[in-house]
Peer 1: 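Would you mind keeping the following structure in view while I ask a few things?
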Amino acid sequence: MPGGPHALPAGQLSAMVDGAAHVYGVKSNLIFAVIDAESHGDPAAISRAGAMGLMQLMPGTSSQYGVSNPFDPQANVVGGVHYLRDLLHRYHGNVSYALAAYNAGPGLVDAVHGIPAIPETRSYVARITAALR
């Protein structure tokens, strides 16, 4: 992952990702791809929409998954991976739908029964699924 001014040491990030992958049964390569797409590995990242940290958790998602400080890399990864696991379960293992829901929200994915026709979301899903190949 790109090494910005706030980047974590690679070993520290790997340990967090591997631990969360083990606890929640989500493949570590998927987690790394989401982190890269969301924050480029910057635990201090904040999006225009207000998403925060490595996995870009929205305030409501942080609250739902017990992440009191979304800028705490460990808490952010655990909360983000837990959320991603729940989305994978919700969409019966369909990674593309889970990624679309992670990006655009499950309400939109449910409403269209698939990936919403939002250019940012379609690009996001394509970018991450390509990184998994």
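Quick caveat: nothing in here was measured; it's all calculated off a predicted structure.
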Peer 1: Kindly write out the residues that satisfy side chain to side chain donor-acceptor pair (under 3.5 Å) with D86, not counting sequence neighbours, or none if the list is empty.
Peer 2: Y65
Peer 1: Enter the distance from H82:NE2 to L57:CG here, rounded to the nearest 0.5 Å.
Peer 2: 12.0 Å
Peer 1: Group every Ile, Leu, Val, Met, Phe, Trp and Tyr by side-chain heavy-atom contacts under 4.5 Å, then state whether M58 and I35 land in the same group.
Peer 2: no
Peer 1: Does the side chain of M55 come within less than 4.5 Å of Y102's, by heavy atoms?
Peer 2: yes
Peer 1: Residues sharing I46's hydrophobic cluster, by side-chain heavy-atom contacts under 4.5 Å among ILVMFWY, directly or via others?
Peer 2: M52, F71
Peer 1: Just verifying a value: how many Å separate N103 CG and T121 OG1, rounded to the nearest 0.5 Å?
Peer 2: 4.0 Å
Peer 1: When rounded to the nearest 0.5 angstrom, what distance separates CG in N69 from OG in S62?
Peer 2: 9.0 Å
Peer 1: Determine the minimum heavy-atom distance between Y83 and P106, stating which atoms define it.
Peer 2: OH-CD, 3.5 Å
Peer 1: Is there side-chain contact between S14 and F32, with at least one heavy-atom pair below 4.5 Å?
Peer 2: yes
Peer 1: Taking C-beta and beyond as the side chain, do R85 and V23 meet within less than 4.5 Å on heavy atoms?
Peer 2: no
Peer 1: To the nearest 0.5 angstrom, please state how far the CG atom of N94 sits from the CG atom of L87.
Peer 2: 11.5 Å
Peer 1: Looking at side-chain heavy atoms only, is the closest gap between L8 and M16 below 4.5 Å?
Peer 2: yes
Peer 1: Calculate, to the nearest 0.5 Å, the distance between atoms CG and CG belonging to D36 and N29 respectively.
Peer 2: 12.5 Å
Peer 1: Which donor-acceptor pairs under 3.5 Å do the side chains of residues 122-133 make with protein atoms, sequence neighbours left out?
Peer 2:
| from | atom 1 | to | atom 2 | distance (Å) |
| --- | --- | --- | --- | --- |
| R122 | NE | P116 | O | 3.2 |
| R122 | NH2 | I115 | O | 3.1 |
| S123 | OG | R127 | NH1 | 3.4 |
| Y124 | OH | E38 | OE2 | 2.6 |
| T129 | OG1 | V125 | O | 2.8 |
| T129 | OG1 | A126 | O | 3.3 |

Peer 1: Any heavy-atom pair between the side chains of D42 and H40 that's under 4.5 Å?
Peer 2: no
Peer 1: Distance check, rounded to the nearest 0.5 Å: Y24 atom OH versus L88 atom CG?
Peer 2: 13.5 Å
Peer 1: Taking all non-hydrogen atoms of both residues into account, name the closest pair between S39 and A45 and its distance.
Peer 2: CB-CB, 3.9 Å
